[in-house]
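Single-structure report; data block below.
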Amino acid sequence: MNDNKDRVDSRDTKSASSLASRSSSPEVTSPDAIDSLNKPVGTSDSSSLYKPPDLNRNITQIFGKLLNIYRALGDDRRSFSYYKAIPVIEKLPFKIESVDQVKHLPSIGKSMQDHIQEIVTTGKLSKLEHFEKDEKVKTISLFGEVWGIGPATALKFYEKGHRTLDDLRNEESLTHSQRLGLKYFDDIQTRIPRHEVEEMERLLQEVGEEILPGVIVVCGGSYRRGKASCGDMDIVFTHPDRKSHKGFLPKLVKRLKDMEFLREDLVFSVHSTEGTDSGVDTYFGLCTYPGRELRHRIDLKVYPRDIYAFGLIAWTGNDVLNRRLRLLAESKGFLLDDTGLYPATHSSGGKRTKGSASLKFETEKQVFEFLGFPPLEPHERNL
DNA sequence: GCCC
DNA sequence: CAGTACG
DNA sequence: GGGCCGATACTG
């Protein structure tokens, strides 16, 4: 859910819709094509990045705060409504002065209209002011920003009497991950300039190639979608020979730790070594830009080539697109996630039968087209 | 919260 | 299992 | 009034 933060906290500079270099797309069409695509992705020069109109900041800023508050409180549905409403308002080429101008916009319903009305007339939203004065809301919102602490745990700590991050540091029940999230709270919050992500991606490609020649390395997430800065890094790996990805991740992680690129572990699990599976290997952790100590969140995901396209789609996002694709798949009788596309064989007994393999697609484009969805370029996926 |  | 995280 | 992503994937 970093996109929320992208949207709310920072100036989420969007990439141009058509100027980003097309050749940088890591779309894979054949094993031969893979190698030439195994290079920096979405490396568009800054001239191709533009600032959105961004009139109506008065409204989107407030909506962004409400988004964060509802999410912290565990009301994800309501939070998501604000998440969808914000970009709609951001894209408007004029400054809203009357509710009538937004009455028929998608995702702007009765409540949103009332809020907009109040904001354009009074310049503020009493609902938000009420929230921001609330000790409980303030505390839970703060705690929820710690990696590994969600609404339930934040509430638990609040009820235990904790009010500050320092209070939490004395809390015994913190998990390993939460402790790290707390220790590097400010670091993790710090965004990464695009050019630094680019450099780190290159570093990962070099190290990856040394360990496993021919490995495909793509930095997904907001980076691949062309953002000017990123909240974290999402790296997706695979190998064209459809087998030697197995056992790659542990070697890579060890090597990256030896060179002090990876610094702390949050999640590390390996599946690809067992059986003839189509397992996905996962590493979540903290890394540092060479020569620095500032911690950044990084995710490494290794996919078997057969389901690589699904991993790439899922880890490029954004989350809105992922949800939309999954709903679309379901409407056509399929189930979609980052590991594949399956016929919705929900057995009569109620539980879904597992075991059937995913439909196979070589490229993202083929998946989009199979689903009847426009084959968006990565920079077009900021929905 | 929005939408059907 | 509940909670959290990922896009 | 009910759905809103996921055969998610992981931790404890």
Side-chain angles (χ1 to χ4, degrees), chain A residues 1-6 63 66-67 69-71 73-86 88 105-115 127 144 146-156 173-178 181 220-225 230-236 265-271 278-284 297-301 307 310-331 334-347 350-358 378 381-383:
Chain A
M1 197 63 89
N2 232 314
D3 272 31
N4 287 354
K5 261 181 270 183
D6 283 356
F63 280 13
L66 286 173
L67 179 165
I69 288 169
Y70 283 121
R71 186 179 50 191
L73 295 177
D75 192 343
D76 285 338
R77 300 262 148 62
R78 191 158 309 198
S79 175
F80 198 61
S81 289
Y82 285 95
Y83 181 67
K84 284 182 290 192
I86 288 170
V88 170
L105 291 177
S107 299
I108 310 293
K110 181 67 170 59
S111 292
M112 300 285 182
Q113 288 171 31
D114 290 347
H115 291 164
K127 182 188 190 68
V146 178
W147 201 90
I149 297 182
T153 309
L155 176 60
K156 187 186 78 182
S173 66
L174 286 176
T175 66
H176 169 70
S177 299
Q178 290 165 345
S222 55
Y223 173 78
R224 186 163 178 240
R225 299 198 308 272
C230 307
D232 64 3
M233 293 179 62
D234 308 288
I235 317 292
V236 183
D265 305 337
L266 293 169
V267 171
F268 191 12
S269 75
V270 175
H271 295 280
S278 59
V280 178
D281 293 337
T282 301
Y283 177 89
F284 290 176
R297 278 277 299 104
I298 185 167
D299 300 339
L300 310 177
K301 300 284 292 188
I307 60 171
F310 300 103
L312 204 49
I313 289 173
W315 286 88
T316 296
N318 61 10
D319 54 347
V320 175
L321 173 62
N322 283 339
R323 291 178 176 209
R324 192 175 297 178
L325 288 175
R326 290 167 191 192
L327 286 173
L328 177 61
E330 187 188 31
S331 74
F334 294 90
L335 295 168
L336 174 68
D337 63 26
D338 72 313
T339 71
L341 180 63
Y342 311 83
T345 64
H346 35 357
S347 64
K351 19 179 141 168
R352 294 143 168 163
T353 39
K354 202 167 180 175
S356 61
S358 166
R381 302 182 197 173
N382 296 298
L383 305 182

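We name chains A, B, ... by the order of the sequence lines, and we start the count at 1 in each one.
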Quickly, which of Asn318(A), Asn322(A), Asp319(A) forms a side-chain contact (heavy atoms from CB on, under 4.5 Å) with Leu383(A)? Name it, please.
-> Asn318(A)

Check whether any side-chain N or O of Arg225(A) sits under 4.0 Å from OP1 or OP2 of dG7(C), and answer yes or no.
-> no

If only side-chain N and O atoms of Lys127(A) are considered, is one of them under 4.0 Å from the OP1 or OP2 phosphate oxygen of dG1(B)?
-> yes

Using whole Å, report how far CZ of Arg326(A) lies from P of dC4(D).
-> 13 Å

Is a donor-acceptor pair below 3.5 Å formed from side chain Asn322(A) to base dG7(C), judging by atom type as modelled?
-> yes

Arg324(A) CZ - dC3(B) C1' separation (whole Å) = 13 Å

When all nucleic acid strands are considered with a 4.0 Å heavy-atom cut-off, which category describes Asp75(A): base, sugar-phosphate, or nothing?
-> nothing

Atom NZ of Lys84(A) and atom P of dG7(C) are separated, to the nearest Å, by 19 Å

So, is Arg78(A) close to the dG1(B) phosphate, meaning a side-chain N or O under 4.0 Å from OP1 or OP2?
-> yes

What's the closest nucleotide to the Val267(A) side chain, out of dT11(D), dG12(D), dC4(D)?
-> dT11(D)

Kindly say if Thr153(A) contacts the phosphate of dT4(C), meaning a side-chain N or O under 4.0 Å from OP1 or OP2.
-> yes

Donor-acceptor contact present, side-chain Asp232(A) to main-chain Ile298(A), <3.5 Å | no

For atom CG of Leu327(A) and atom C1' of dC4(B), their distance in whole Å = 13 Å

Leu174(A) CG to dT4(C) C1', in whole Å, measures 14 Å

For atom CZ of Arg323(A) and atom C1' of dA5(C), their distance in whole Å = 12 Å

Just call it for Ile149(A): base, sugar-phosphate, or nothing, with non-hydrogen atoms closer than 4.0 Å on any strand.
-> sugar-phosphate

According to the interplanar angle, ranging from 0 to 90°, do the rings of His115(A) and Tyr82(A) count as parallel (below 30°), tilted (30 to 60°) or perpendicular (above 60°)?
-> parallel

When we call it a touch if two heavy atoms are under 4.0 Å apart, what does Val88(A) touch: a base, just sugar-phosphate, or nothing?
-> nothing

Pick base, sugar-phosphate or nothing for Leu321(A), based on heavy-atom distances below 4.0 Å to the nucleic acid.
-> nothing

Measure from the side-chain heavy atoms of Met112(A) and tell me the nearest of dG6(D), dA9(D), dC2(B).
-> dC2(B)

Atom-pair distance (CZ on Arg77(A); P on dG6(D)), nearest Å = 11 Å

Phosphate OP1/OP2 of dC10(D) contacted by His271(A) side-chain N/O (<4.0 Å) | yes

Quick one: is Ser269(A) getting a side-chain N or O under 4.0 Å of the dC10(D) phosphate, OP1 or OP2?
-> yes

Give a yes or no on whether the backbone of Arg225(A) and the side-chain of Asn382(A) come within a donor-acceptor separation of less than 3.5 Å.
-> yes

Between C1' of dA5(C) and CG of Asn318(A), the distance in whole Å = 16 Å

In dot-bracket form, how is DNA chain D paired, counting a Watson-Crick or G-U wobble pair only if both its distances are under 3.5 Å and using | for bases paired to another strand?
-> ||||||.|||||

Can the positive tip of Arg71(A) be found less than 6.0 Å from the middle of the six-membered ring of Tyr83(A), inside 45° of the ring normal?
-> no

Phosphate OP1/OP2 of dC6(C): any Trp147(A) side-chain N/O under 4.0 Å | yes

Audit row: Arg78(A), Leu73(A), side-chain contact (heavy atoms from CB on, under 4.5 Å) steps and yes/no = CA-CA 10 Å; Arg78(A) 191 158 309 198; Leu73(A) 295 177; over 6 Å; no

Would you say the side chain of Tyr223(A) lies within less than 4.5 Å of the side chain of Asp234(A), judging by non-hydrogen atoms?
-> no

Test item: Thr316(A) side-chain N/O and Leu312(A) main-chain N/O as donor-acceptor pair under 3.5 Å | yes

Could you measure between the two P atoms, the one in dC5(D) and the one in dG1(D), and give it in whole Å?
-> 22 Å

